[in-house]
Amino acid sequence: MSDTSNLRIAVVGGGPGGYAAAFLAADLGMNVTLIDPELNPGGVCLYRGCIPSKALLHVAKLIDESRHAKNWGVEYSDPKIDLTRLRSWKEGVVKKLTGGLGVLSKQRKVEYVQGRAGFESSSTLRVSRVNGGEESLNFDRIILATGSRPAIIPSLKLDSPRVLDSTTALDLNDVPGTLLVVGGGYIGLELGTVYAALGSKVSVVEMLPGLLPGADRDLVLPLNKRVEKIFDSILLNTTVAGMKEESGGICVTFDGPEIKEREKLFEKVLVSVGRKPNSEIPGLQKTQVQVGPHGFIQVNKQLRTDDPSVYAIGDVVGEPMLAHKASHEGRTAVEAIAGHKVAFEPNAIPAVVFTDPEIAWCGLTETQAQKENREIKVARFPWGASGRATTLDRTEGMTKLILDPESGRVLGMGIVGAGAGELIAEGVLAIEMAALAKDVALSIHPHPTLSETVMESAEVFFGTSTHVYRPKR
Ligand SMILES: Cc1cc2nc3c(=O)[nH]c(=O)nc-3n(C[C@H](O)[C@H](O)[C@H](O)COP(=O)(O)OP(=O)(O)OC[C@H]3O[C@@H](n4cnc5c(N)ncnc54)[C@H](O)[C@@H]3O)c2cc1C
């Protein structure tokens with residue numbers, strides 16, 4: 001290992017990519033400065049993304065379960081929602097976690113600068129502090145972790161407090177009577193789930209023929225059935241042609257072959273049509289960093305840009321725009337700077353949609369295999385055959401393994417069902433460890449748990465799952 005103790009490292013952006021990079025660099029003995037406009041590290045993920053959305057989804061799930069409980073002989077009255085307390089609970093979660101990162105930062109002696117950075121040259125940053133003052137700082141290496149922001153469709157740009165993006169939707173200023181979610185991706189569906197549980201009549205409009213375009217269709221099916229119940233309407237193959245503010249709401253004009261009502265008034269509209277990388281960093285043209293056609297900063301497998309002293313990680317370098325991808329890239333970049341022989345080339349980056357039911361997948365998907373004309377075998381275990389799913393009254397789920405038909409090697413995993421987001425980690429481990437179906441089937445899983453569905457889907461591959469009877473052909 002080379003001596004890195006004298007290296008001066010700047011990390012621009014304090015999200016899960018940036019702070020993971022800064023902390024590892026400090027652990028490896030480097031001299032680290034972390035620059036971000038917020039009071040503490042956290043970025044989009046902690047301040048206005050993963051964490052606040054999951055805090056609210058937890059409450060949504062509780063409300064939903066309390067309604068469902070009458071099927072099990074327990075009846076609750078309708079929940080009374082105190083928005084001020086709900087907001088302050090969510091904000092408390094954010095404060096606790098970001099404050100904790102601030103403490104970890106200090107403990108590691110990371111110099112945290114609350115401000116914004118731009119380039120003067122490949123090795124000099126111009127930093128403007130939030131509380132005033134500007135300075136030029138020199139570094140040996142700079143890691144860009146500036147993340148992403150909500151994408152805006154110019155034709156749908158309407159400057160009105162009734163038009164929300166994911167950030168303002170998470171502020172939870174009120175619970176509108178009616179809410180239109182534009183975009184059937186994971187962020188729109190998660191936030192739609194929250195507002196529906198709190199009492200809004202939620203409609204979702206998606207221009208493609210299905211929700212969650214990136215996921216295998218069999219995983220989306222049980223979610224479709226559930227959201228059809230909790231949402232007022234789901235408009236597929238439909239685009240929003242225009243929006244205008246009227247008294248009492250936003251009048252939305254729809255376009256598409258299946259529309260029943262061309263115009264409809266919604267109290268609020270949440271536009272959730274994807275995210276854009278924050279690659280418009282001031283002075284970036286003074287470096288050799290290259291930005292690709294979709295706005296992502298171009299990097300190699302060590303996360304190094306075309307400028308030898310500048311690295312870039314996280315949402316700003318490409319899909320999937322997920323927190324765990326960002327932090328792993330951050331750690332890889334730091335190791336590369338430290339001279340370790342590393343490359344960011346994972347076999348499985350898990351994706352989780354925290355709706356109810358949850359959907360999660362990793363590695364090869366069926367859709368991808370079909371596109372690539374790749375031979376696979378899919379072993380599905382329906383949760384109707386799971387003891388644990390039955391005790392939870394959540395038998396609509398399914399676990400599937402995507403396997404190499406010859407060797408039985410696990411190439412991918414997909415799960416739909418309660419807690420899928422926790423279960424998928426087993427798939428990641430199996431794929432990264434090059435596990436075979438036999439390894440998964442022979443690993444004793446605790447009973448009664450949903451994790452048994454993973455083991456039994458491996459047994460399905462051999463046609464010998466204990467709880468699935470398949471007549472011999
Ligand atoms: C509503 C919502 C829910 C989400 N849920 C999940 C989830 O459940 N799981 C998941 O994995 N991902 C989720 N994501 C995505 C996740 O938040 C991002 O993938 C992740 O935050 C990316 O991390 P990052 O480090 O690349 O950048 P970010 O977290 O975007 O942080 C970038 C930081 O850089 C700062 N910055 C930008 N420019 C400068 C500059 N010039 N100088 C200084 N600082 C600058 C920004 O202010 C920001 O603080 C969600 C996102 C949203 C919006």
Side-chain angles (χ1 to χ4, degrees), residues 15-17 20 43-46 49-51 53-54 57-58 147-148 185-187 189-190 193 211-220 222-223 274-275 301 303 313-315 317-332 343-369 376 378-381 383 397-404 409-435 437 439-440 443 445 449-455 457-458:
V44 168
C45 172
L46 278 92
C50 326
I51 294 298
S53 60
K54 269 75 233 180
L57 277 161
H58 171 65
S148 65
Y186 85 94
I187 294 178
L189 291 183
E190 288 184 5
T193 303
L211 298 175
L212 294 172
D216 280 347
R217 292 301 90 192
D218 57 346
L219 298 179
V220 181
L223 175 69
R275 296 186 62 79
K301 284 183 178 170
L303 288 313
I313 59 167
D315 282 9
V317 302
E319 300 282 356
M321 292 203 212
L322 293 170
H324 40 278
K325 188 215 74 160
S327 23
H328 276 265
E329 284 181 341
R331 293 175 65 88
T332 305
F344 185 76
E345 38 192 16
N347 291 311
I349 301 176
V352 181
V353 185
F354 290 85
T355 40
D356 186 18
E358 292 179 359
I359 295 182
W361 66 93
C362 65
L364 184 68
T365 63
E366 267 190 273
T367 316
Q368 206 182 328
I376 51 163
V378 182
R380 290 187 178 77
F381 183 82
W383 285 21
M398 187 262 293
T399 300
K400 68 172 176 182
L401 289 179
I402 294 156
L403 302 134
D404 180 83
R409 182 169 166 180
V410 182
L411 303 172
M413 184 189 277
I415 308 176
V416 53
E422 300 288 340
L423 295 172
I424 199 67
E426 183 171 349
V428 177
L429 195 64
I431 294 165
E432 292 293 1
M433 295 290 105
D439 298 317
V440 180
S443 301
H445 286 63
T449 64
L450 295 170
S451 71
E452 286 171 297
T453 67
V454 177
M455 176 185 69
S457 60

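- With values rounded to the nearest 0.5 angstrom, Ile359 atom CD1 is found 5.0 Å from Leu212 atom CG.
- Between Lys54 and Glu190 a salt bridge is recorded (basic side-chain N to carboxylate O distance below 4.0 Å).
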side-chain contact (heavy atoms from CB on, under 4.5 Å) between Trp361 and Asp216, worked out: CA-CA 9 Å; Trp361 66 93; Asp216 280 347; over 6 Å; no

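- With values rounded to the nearest 0.5 angstrom, Thr453 atom OG1 is found 9.0 Å from Leu401 atom CG.
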side-chain contact (heavy atoms from CB on, under 4.5 Å) between Val410 and Glu426, worked out: CA-CA 11 Å; Val410 182; Glu426 183 171 349; over 6 Å; no

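- Considering OG1 of Thr449 and CG of Leu423, their distance stands at 8.0 Å, rounded to 0.5 Å.
- In this structure, His324 places its NE2 atom where more than 12 heavy-atom neighbours from other residues, nucleotides or ligands lie under 6.0 Å away.
- Here the CG-CZ distance, from Leu211 to Arg217, works out to 7.5 Å after rounding to the nearest 0.5 Å.
- Across Lys325 and Phe344, no two heavy atoms sit closer than the pair CG-CZ, 3.9 Å.
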Pairs of donor and acceptor atoms involving the side chains of residues 345-354, under 3.5 Å and at least two apart or interchain, shall be tabulated with distances.
| residue | atom | partner | partner atom | Å |
| --- | --- | --- | --- | --- |
| Glu345 | OE1 | Lys301 | NZ | 3.1 |
| Asn347 | ND2 | Glu432 | OE1 | 3.3 |

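- The two residues Ala20 and Ser327 have their closest heavy-atom pair at CB-CB, 3.6 Å.
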From CA spacing to verdict: side-chain contact (heavy atoms from CB on, under 4.5 Å), Phe381, Glu452: CA-CA 10 Å; Phe381 183 82; Glu452 286 171 297; over 6 Å; no

Worked check of side-chain contact (heavy atoms from CB on, under 4.5 Å) between Glu422 and Leu450: CA-CA 10 Å; Glu422 300 288 340; Leu450 295 170; over 6 Å; no

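- Residues Ala437 and Leu403 come closest through the heavy atom pair CB-CD2, 3.8 Å.
- Across all non-hydrogen atoms, the minimal contact from Val416 to Pro222 is CG1-CG, 3.8 Å.
- No more than 12 heavy atoms of other residues, nucleotides or ligands sit less than 6.0 Å from atom CZ of Arg409.
- In plain terms, the two heavy atoms of Ile431 and Gly412 that are nearest each other are CD1-CA, 3.6 Å.
- Atom CZ of Arg275 has more than 12 neighbouring heavy atoms from other residues, nucleotides or ligands inside a 6.0 Å radius.
- Heavy atoms only, all atoms of each residue included: Thr332 and Ala343 are closest at CG2-C, 3.9 Å.
- Taken to the nearest 0.5 Å, the CG atom of Leu223 stands 10.5 Å off from the CD atom of Glu358.
- Counting heavy atoms from C-beta on, the side chains of Asp218 and Glu366 come closer than 4.5 Å.
- With values rounded to the nearest 0.5 angstrom, Leu411 atom CG is found 11.0 Å from Thr365 atom OG1.
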